[in-house]
Protein chains: 2
Amino acid sequence: MKMLSPATSAECLPAERLAERLGALSHRKRMEILRYLAASDRCCCKDVVGRLDLAQSTVSQHLKVLVEAGLVRVKPDRQRSIYEIDREALAATAQGVTALVEACCDEPQPVGCTEPRIREL
Amino acid sequence: MKMLSPATSAECLPAERLAERLGALSHRKRMEILRYLAASDRCCCKDVVGRLDLAQSTVSQHLKVLVEAGLVRVKPDRQRSIYEIDREALAATAQGVTALVEACCDEPQPVGCTEPRIREL
DNA sequence: CATCTTCATCGTCTATCGACGATAGACGAT
DNA sequence: ATCGTCTATCGTCGATAGACGATGAAGATG
């Protein structure tokens, strides 16, 4: 479904979505899973279980988090589930963080504490 | 292929630390706080409370999370606490995410599911 | 059919988050 | 000294995260 793809997909990342993705990224095991998916390009849950010292159900949960955050795609194949990293989404996330950081760095105006203006995120 | 420049402070961000910072970033209110701190350069807790629809104790907690993550500095001043955004740390965090993403994108080797190698994060 | 494999889901447990109000400490002002 | 302000912390609460084992569904395979 190609609903919308206006140029860079990074800029259409609402703050809420970015927060969700960062939440998905902010876990050591999920980072490892991502790297493994990146190295393997695509693989199934069982493969991931073998690498991490975690129960299968736990890995399944972590994968679900990553999928719901949009960082990983999943496609059923036979009795398996093939997980594939979404590099675009990952790049968009990095871009989102960079944009947030730049927004924070590009506003060095020495505004006092009483300044009543804060830009909506 | 060591393309990394050891001069960047981003590289000395261990995965655990990066995860912590992303966790700190993965909250809508804390994003707003960061942006407000960026716009105000430095301000106190009370100022932040006025902007967000949160209790003072809650804001104090969020600020604590940001400080512990190293994204914000705090300095006591009289009866106040002056909070100041750490742009370097913020930049390092963005760099860390970018590095993670690039690591995931720069490994497009079509390794099969059975490949027994996964690089340590 | 019977069995094995793979996976998602359910239930459970503990720990932590995120919010609040209340409170105490530190300080300035009166 | 007393009051008001600002802040951090405590205690509490419901919700969620993160882990596990058990179970069942869906396909293989025998």
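Just so we're on the same page: letters track the sequence lines, and every chain starts at 1.
Between B:Tyr83 and D:dA8 there is a side-chain polar atom (N or O) within less than 4.0 angstrom of OP1 or OP2. When the side-chain nitrogen and oxygen atoms of A:Thr58 are compared with OP1 and OP2 of D:dC20, one or more of them lie within a distance under 4.0 Å. Between A:His62 and D:dA17 there is no side-chain N or O to OP1 or OP2 distance below 4.0 Å. One finds no side-chain N or O of B:Arg78 lying less than 4.0 angstrom from the OP1 or OP2 phosphate oxygen of D:dT5. Checking the phosphate oxygens (OP1, OP2) of C:dT16, no side-chain nitrogen or oxygen of B:His27 falls inside 4.0 Å. Taking only side-chain nitrogens and oxygens, B:Ser60 comes nearer than 4.0 Å to OP1 or OP2 of D:dA8. Regarding contacts with the backbone of C:dT5, every side-chain N or O of A:Arg80 stays at 4.0 angstrom or more from both OP1 and OP2.
Residues B:Gln56 and B:Val65 both approach DNA chain C. Their nearest nucleotides, taken by heavy-atom distance, put B:Val65 toward the 5′ side. Both A:Leu54 and B:Gln61 lie close to DNA chain D; mapped to their nearest nucleotides by heavy-atom distance, the more 5′-ward contact belongs to B:Gln61.
Side chain of A:Arg30 to backbone of A:Ala24: a donor-acceptor contact under 3.5 angstrom is found.
Distance A:Lys75 NZ to D:dG27 P: 15 Å, rounded to the nearest Å. For B:Leu66 and C:dG18, the CG to P distance is 11 Å, given to the nearest whole Å. For A:Asp77 and C:dC7, the CG to P distance is 10 Å, given to the nearest whole Å. Note: CG (A:Asp53) to C1' (D:dC20) measures 12 Å, nearest angstrom. Look at CD on A:Glu68: it is 13 Å from C1' on C:dT9, rounded to the nearest Å. Across the protein-nucleic acid pair, A:Arg28 atom CZ and D:dA17 atom C1' stand 18 Å apart, rounded to whole Å. In this structure, the NZ atom of A:Lys29 is 15 Å from the C1' atom of D:dA17, given to the nearest Å. Rounded to an integer number of Å, the gap from B:Gln79 CD to C:dC27 C1' is 5 Å.
Relative to the side chain of A:Lys46, the nucleotides C:dC20, D:dA8, C:dC7 differ in distance, and C:dC7 lies closest.
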Test salt bridge (Lys or Arg N to Asp or Glu O under 4.0 Å) applied to A:Asp106 and B:Arg87, step by step: CA-CA 10 Å; A:Asp106 289 351; B:Arg87 300 176 200 276; over 6 Å; no
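Applying the 6.0 Å contact sphere to NZ of A:Lys46 captures no more than 12 heavy atoms from other residues, nucleotides or ligands. A 6.0 Å sphere centred on CG of A:Asp77 holds more than 12 heavy atoms belonging to other residues, nucleotides or ligands.
Between B:Arg21 and B:Leu25 the shortest side-chain heavy-atom distance does not fall below 4.5 Å.
Comment: B:Arg51 does not engage B:Glu32 in a salt bridge, judged by the lack of any side-chain N to carboxylate O separation of less than 4.0 angstrom.
Taking a pair to require two hydrogen-bonding distances under 3.5 Å in either a Watson-Crick or a G-U wobble arrangement, C:dG28 pairs with D:dC3. Across every strand in view, D:dG14 sits in a pair with C:dC17 that passes the Watson-Crick or G-U test at under 3.5 angstrom. Partner assigned to C:dC1 is D:dG30, using Watson-Crick or G-U wobble distances below 3.5 angstrom.
Using a 4.0 Å heavy-atom criterion, one finds that A:Ser81 contacts the sugar-phosphate atoms exclusively.
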